[in-house]
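Working notes, beginning with the structure itself.
Numbering of ligands and ligand atoms starts at 1, following listing order. All residue numbers refer to positions in the sequence shown, counting from 1.
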Amino acid sequence: MLWRFTIYLCVQLLGLAAGWRVAGPWGLAAGVVLASWLCWAWETWVGLSVLRWLRQEGDAASAPALHGLWGEACDRMRRLLRQREQQVAASDARLQEFLEALQASPNGVILLDARGHIEWCNQTAAQHFGLHTERDRMQSIGNLLREPAFSSYLVAGDYSHGVQLPGRESSATHPVTLSVQLHPYGDGRRLMLSRDITALEQAEAMRRDFVANVSHEIRTPLTVLVGFVETLQTLPLKEDERARYLGLMAQQAARMQHLVQDLLTLSRLEGSPPPGMSDWVPVSALLSHCEEEARALSAMLTRGQARPHQISFPGPVQARAAGQVAGIASELQSALANLVGNAVRYTPAGGCITVTWEVLAEGGARFAVRDTGPGLAPEHLPRITERFYRVDRSRSRDTGGTGLGLAIVKHVVQRHGAMLEISSVLGQGSVFAVHFPPARVRA
Ligand code: ADP
């Protein structure tokens with residue numbers, strides 16, 4: 001302030017001196033007026049330059065470099081501006097972080113304004129509804145999503161529950177289901193969340209099918225059992241008839257027991273951790289167990305028939321040379337025996353069943369069961385390992401099958417990092433093979 005006053009005084013004195021020198025005593029007044037005008041013009045020019053900077057929304061860096069009163073005012077304004085710039089940058093960064101978080105969400109997120117126009121949407125939502133994240137901004141969601149269920153949901157305004165819509169990529173063979181819900185917020189705005197629930201729906205359908213299948217499988221032998229019990233209770237039967245009925249009842253009870261056992265095995269497999277690499281099972285033990293079971297089953301099934309099965313397994317020397325497999329002995333044993341058992345059960349008497357163990361060049365091994373049974377039509381192959389899937393229901397039941405055998409085999413094989421390969425020619429026979437990876441096989 002003092003500095004400013006000094007300059008003002010100096011200019012006045014200079015004006016006085018110049019006026020005195022040029023025009024004597026009359027020049028004094030003219031000099032003072034001229035000096036004042038000069039000071040005023042200078043102040044106005046400086047003030048205008050500051051105003052121009054502010055009017056141009058100038059940033060802190062482009063502030064005019066001034067001294068004195070204007071300089072200090074400019075400095076303060078520059079500091080305020082810099083603070084505001086920093087605040088704007090910080091809130092921009094935070095907004096960006098929020099949007100990135102929404103972008104990373106596995107669910108679709110759309111922000112709608114009060115008129116239902118898209119303000120922002122993430123990639124997942126764009127994919128769910130076939131939107132373009134940039135091009136469709138500020139477009140009405142009602143115009144872009146024309147699914148009738150969604151239109152009525154949007155109009156009804158009751159957002160306490162969601163709505164299910166077919167996804168954009170949904171087709172008859174690959175249905176895609178989306179769950180969509182709107183959440184009101186702020187000043188009439190709405191947050192629209194979408195979730196792909198296809199897998200959930202499929203799991204639910206599978207659960208329903210599974211329960212229906214299990215109930216059906218248990219109800220059939222139970223009905224037979226109840227019928228026999230009533231017969232035994234109400235009719236005066238001869239001893240041999242009683243014995244026959246009791247035999248049939250025992251058969252049905254065994255069938256239910258077998259089913260429950262398989263169900264327990266499946267649930268145990270699903271709930272237990274994958275087998276480690278520390279336990280090594282000798283292949284010879286697995287093969288001899290399979291052979292024993294196969295021969296006993298074949299003897300039982302072909303009893304009284306002229307031509308039994310021709311069953312061939314690797315010899316003892318060959319079996320010993322097969323080495324070891326890493327895994328859980330009981331699981332491997334039941335899976336491999338199941339494949340051999342199926343070959344015996346489905347191959348008519350006189351047919352051939354050949355079991356081999358082959359050490360592969362890449363280090364892995366292949367267990368294969370070849371039979372000359374009825375074979376499978378190509379359309380059954382993709383579904384044959386599904387639970388309760390049977391090609392010939394009555395034959396499966398006659399031979400004591402539960403329809404869970406191959407599902408258990410597939411589970412065990414996958415848990416051991418191996419692959420189940422099935423090839424079959426209808427009317428000629430099948431090959432069920434398990435391909436073990438090199439890491440699980442040692443000589
Ligand atoms: P099941 O207990 O009925 O045998 P699986 O899961 O073991 O159930 O087998 C499913 C179906 O696959 C069987 O019902 C049968 O139709 C068919 N299948 C399995 N193994 C063979 C085979 N070696 N030859 C022909 N069909 C087979």
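Counting heavy atoms closer than 4.0 Å to ligand 1, residue Val369 contributes nothing at all. Contacts between Val409 and ligand 1, counted as non-hydrogen atom pairs separated by less than 4.0 Å, are absent for every part of the residue.
The contact set between ligand 1 and Phe432, taken as ligand atoms under 4.0 Å from a residue heavy atom, comprises 20 (N), 21 (C), 22 (C), 23 (N). Every atom of ligand 1 is numbered from 1 in the order shown, and the set under 4.0 Å from a heavy atom of Arg390 is 3 (O), 14 (O). Every atom of ligand 1 is numbered from 1 in the order shown, and the set under 4.0 Å from a heavy atom of Thr402 is 2 (O). Per-residue contacts place Tyr389 under 4.0 angstrom from the following atoms of ligand 1 (heavy atoms of the residue considered): 10 (C), 11 (C). Of all atoms in ligand 1, numbered sequentially from 1 with element shown, those under 4.0 Å from a heavy atom of Gly405 are 5 (P), 6 (O), 7 (O).
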Q: Show your working on salt bridge (Lys or Arg N to Asp or Glu O under 4.0 Å) between Glu204 and Arg207 and close with a plain yes or no.
A: CA-CA 5 Å; Glu204 183 54 24; Arg207 192 194 62 78; 2.9 Å; yes

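Looking at ligand 1, you'll find an N or O of Arg345 within less than 3.5 Å of one of its N or O atoms. Annotation: Gly403 places an N or O atom under 3.5 Å from an N or O atom of ligand 1; distance criterion only. Backbone and side-chain nitrogen or oxygen atoms of Leu406 are examined, and one is located within less than 3.5 angstrom of a nitrogen or oxygen of ligand 1. Considering backbone and side-chain N/O atoms, Val391 comes within less than 3.5 Å of an N/O atom of ligand 1. Among the atoms of Asn338, none of the N or O lies under 3.5 angstrom from an N or O of ligand 1.
One N or O on the side chain of Arg415 and one on the backbone of Ser272 form a donor-acceptor pair closer than 3.5 Å. With hydrogens and angles disregarded, no donor-acceptor distance shorter than 3.5 Å links the side chain of Arg255 to the backbone of Thr402.
Rounded to the nearest 0.5 Å, atoms NE2 (His161) and OH (Tyr153) are 6.0 Å apart. Atom CG of Leu426 sits about 7.5 Å away from atom CG of Leu376, to the nearest 0.5 Å.
Heavy-atom proximity to atom 17 (C) of ligand 1, evaluated over Leu426, Ile384, Thr372, is greatest for Ile384.
By the side-chain contact (heavy atoms from CB on, under 4.5 Å) test, Glu358 pairs with Leu360, Arg366, sequence neighbours left out.
Counting only residues at least two apart or in different chains, ring pair (Phe, Tyr, Trp, His ring centres under 6.0 Å) contacts with residues 281-319 are absent.
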